> 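My structure is below; once you've seen it, I'll send some questions.
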Amino acid sequence: MSTSESVDVPDALTASYGKSDAGRAWLAALPAQVAQFLERWELRRDGGARSGMASLVLPVVRTDGTRAVLRCQLPTEETDAALVGLRTWNGDGAVRLIAHDRTGGVMLLERLDGARTLASVADDDTATAILAGLLRRLVAVPAPAGLRGLGDIAAGMLERTPAAVTALSDPADRRHLRRWASVVADLAGEPGDRLLHWDLHHDNVLAGEREPWLAIDPEPLAGDPGFDLWPALDSRWEEIAATGRAHRVVRRRFDLLTEALGLDRERAAGWTLGRLLQNSLWDIEDGATALAPSQVTVAEALLRR
């Protein structure tokens, strides 16, 4: 295919970025950016573009015949952190970064099977074990200098908690939020120094050829591995809730994860409450006046084990 063929901007990206001047400018320049990097890296298109809420992904073939994907995203602090993480892991448990342009927010990545995520594995213990094995490899790496740190994130959460508590209408929710913040305050002095993925759930693990499964879409930061467990505990939540055994499933997943990673369970539970605090603060800042039931259920499962 010619590199000059136009790329249609998916509706999902327009919805995500069309509300700001910077986002609209990036969307307008996106087709030209794709053409530029197809030419620079000598790539030919190998199918239609797809996207999530944050990036455009275009399947391509390199001059040596290997299949890859060109990923374009609005350059942000998060995009830069993802580049740092992928360079540091160098394909060990995560999708391999082949080339990148830091200024433009463009990456050339090995191609995985975007249609086959870890959510396709029906047995929950098997899926959790696969994810735990990847996470163990990822967090074994010391975080490189310059990444956001969990200590600063925890301090920011504690600073915002008092105002957030007043926005909650249910006294029980207020007690939950205060308790989670109290646990974070106890842990904040030792935030950890591992390279965290921060968003490793079932849909961010794809089937591959180089390895059966690999992690994608990291949002790296430096911190304690216990802060990285919540996405796996919350994965496929609607299915978990429908079983009527949500507490049991969460505890089972937590046990498998902490055992595989060799974590202190109390500390890991505490940092997981920190993730619930973080999620709830974001929800409240977006106008919520009640805690999400899934957040409360995860907390109950861990605190009552």
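This is a predicted model, so every value here is computed, not measured.
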> Does the side chain of Asp193 come within less than 4.5 Å of Pro142's, by heavy atoms?
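A side-chain contact under 4.5 Å is absent here.
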> Please check if the side chain of Asp46 supplies one atom and the backbone of Pro59 the other of a donor-acceptor pair under 3.5 Å.
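Checked: no pair found.
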> If you round to the nearest 0.5 Å, how far is CE of Met107 from CZ of Arg102?
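Taking CZ in Arg102 and CE in Met107, the distance rounds to 11.5 Å.
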> Locate the shortest heavy-atom distance separating Leu43 from Phe37; write the atom from each residue and the value.
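Shortest heavy-atom contact: CD1-O, 4.0 Å.
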> Ignoring hydrogens and geometry, is there a side-chain-to-backbone donor-acceptor pair from Arg253 to Ala232 under 3.5 Å?
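Present.
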> Please determine if Arg236 and Asp203 form a salt bridge, counting it only when a charged side-chain N lies under 4.0 Å from a carboxylate O.
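Salt bridge: no.
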> Say whether, by atom type as modelled, one donor and one acceptor occur between the side chain of Arg148 and the main chain of Glu77 under 3.5 angstrom.
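Judged by distance alone, no pair lies under 3.5 Å.
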> Is the closest basic N to carboxylate O distance between Glu110 and Arg210 below 4.0 Å?
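Judged by the 4.0 Å cut-off on N to carboxylate O distance, Glu110 and Arg210 do form a salt bridge.
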> Do Val34 and Leu56 have side chains that approach each other closer than 4.5 Å (heavy atoms only, starting at C-beta)?
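The answer is yes; the side chains approach within 4.5 Å.
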> Can you tell me if CG on Asp286 sees more than 12 non-hydrogen neighbours from other groups inside 6.0 Å?
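More than 12 heavy atoms, drawn from other residues, nucleotides or ligands, come within 6.0 Å of this atom.
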> So which atom in Ala132 and which in Leu261 form the shortest heavy-atom distance, rounded to 0.1 Å?
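For Ala132 and Leu261, the tightest heavy-atom pair comes out as O-CD1, 3.6 Å.
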> Give a yes or no answer on whether the side chain of Ser16 reaches the backbone of Ala12 with a donor-acceptor pair at less than 3.5 Å.
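Pair found, side chain donor or acceptor close to backbone of Ala12.
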> Looking at side-chain heavy atoms only, is the closest gap between Pro293 and Val296 below 4.5 Å?
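Not touching, per the 4.5 Å side-chain cut-off.
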> When you measure from the side chain of Asp228 to the backbone of Trp198, do you find a donor-acceptor pair of N or O atoms at a distance under 3.5 Å?
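Judged by distance alone, yes, a pair lies under 3.5 Å.
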> Got a sec, which pairs hit side chain to side chain donor-acceptor pair (under 3.5 Å) with one end in residues 171-187, sequence neighbours left out?
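Passing the test, one end in residues 171-187: no pairs.
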> Would you mind reporting whether Val298 and Trp237 have side-chain heavy atoms less than 4.5 Å apart?
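In short, these two side chains touch, coming nearer than 4.5 Å.
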> Looking at residues at least two apart in the chain, or sitting in another chain, which of them share a ring pair (Phe, Tyr, Trp, His ring centres under 6.0 Å) with Trp213?
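Ring pair (Phe, Tyr, Trp, His ring centres under 6.0 Å) list for Trp213, sorted by chain: empty.
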> Indicate yes or no: at least one non-hydrogen side-chain atom of Glu300 is less than 4.5 angstrom from one of His247.
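Contact flag for Glu300/His247 side chains = yes.
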> Taking the side chain from Thr79 and the backbone from Gly105, do they hold a donor-acceptor pair closer than 3.5 Å?
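It does not hold such a pair.
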> Which pair of heavy atoms, one from Ala154 and one from Val184, lies closest together, and at what distance?
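Ala154 and Val184 have their closest heavy atoms at CB-CG1, 3.9 Å.
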> Look only at the side chain of Ser235 and the backbone of Pro231, and say whether a donor-acceptor pair between them is shorter than 3.5 Å.
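A pair under 3.5 Å: yes.
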> How long is the span from the CG atom in Asp217 to the CG atom in Leu200, to the nearest 0.5 Å?
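It is 10.5 Å, given to the nearest 0.5 Å.
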> Within a strict 4.5 Å, meaning less than it, do heavy atoms of the Val205 and Leu214 side chains meet?
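With C-beta onward as the side chain, the pair stays apart.
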> Holding to ring pair (Phe, Tyr, Trp, His ring centres under 6.0 Å), I want the full list of residues that pass it with Trp26, two or more places apart in sequence or in another chain.
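Residues passing ring pair (Phe, Tyr, Trp, His ring centres under 6.0 Å) with Trp26: Tyr17.
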> For Asp199, is there any backbone N or O sitting under 3.5 Å from a side-chain donor or acceptor partner on His197?
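Flag set: sc His197 to bb Asp199 pair under 3.5 Å.
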> Checking the side chain of Arg275 only, and the main-chain atoms of Phe227 only, is there a donor and an acceptor separated by less than 3.5 Å?
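Here the side-chain-to-backbone pair exists.
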> For Arg44, is there an ion pair with Glu39 - N to carboxylate O distance below 4.0 angstrom?
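Result for this pair is no, no salt bridge flagged.
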> Closest heavy-atom contact between Ala49 and Val7?
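Looks like CB-CG1, 4.2 Å.
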> Show me the donor-acceptor pairs within less than 3.5 Å that the side chains of residues 262-270 make with the rest of the protein, sequence neighbours left out.
residue, atom, partner, partner atom, Å
Asp264, OD1, Glu266, N, 3.2
Asp264, OD1, Arg267, N, 2.8
Arg265, NH1, Asp255, OD1, 2.8
Arg265, NH2, Asp255, OD1, 3.0
Glu266, OE2, Arg305, NH2, 3.0
Arg267, NE, Asp224, OD2, 2.7
Arg267, NH2, Glu190, O, 2.3

> With ring-ring contact (aromatic ring centres under 6.0 Å, His included) as the rule and sequence neighbours excluded, what pairs involving residues 55-94 come up?
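Residue pairs with at least one partner in residues 55-94: there are none.
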> Ignoring hydrogens and angles, tell me if any N or O in the side chain of Gln33 forms a donor-acceptor pair with the backbone of Gly104 under 3.5 Å.
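A pair under 3.5 Å: yes.
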> Working note: Asp64 + Thr66, criterion side-chain hydrogen bond (donor to acceptor under 3.5 Å, both in side chains); need CA distance, chi angles, decisive distance, verdict.
CA-CA 6 Å; Asp64 64 1; Thr66 59; 2.8 Å; yes
> Which one of Leu135, Leu147, Val139 satisfies the side-chain contact (heavy atoms from CB on, under 4.5 Å) criterion with Leu196?
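Testing Leu196 for a side-chain contact (heavy atoms from CB on, under 4.5 Å) against Leu135, Leu147, Val139 leaves exactly one candidate, Val139.
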> Would you say CZ of Arg248 has more than 12 non-hydrogen atoms from neighbouring residues, nucleotides or ligands within 6.0 angstrom?
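Not more than 12 within 6.0 Å, no.
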> Calculate, to the nearest 0.5 Å, the distance between atoms CZ and CG belonging to Arg62 and Leu70 respectively.
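If we round to the nearest 0.5 Å, Arg62:CZ and Leu70:CG are 12.0 Å apart.
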> With the side chain counted from C-beta on, respond yes when Ile240 and Asp234 share a heavy-atom pair under 4.5 Å apart, and no when they do not.
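Heavy-atom side-chain distance check fails, nothing below 4.5 Å.
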> Can you find a heavy atom in the side chain of Thr289 that is under 4.5 Å from one in the side chain of Leu168?
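When only atoms from C-beta onward are counted, Leu168 and Thr289 do not touch, as no gap falls below 4.5 Å.
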> Show me the pairs that pass side chain to side chain donor-acceptor pair (under 3.5 Å) and involve residues 156-170, at least two apart or across chains.
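Those involving residues 156-170 are Arg160-Glu285.
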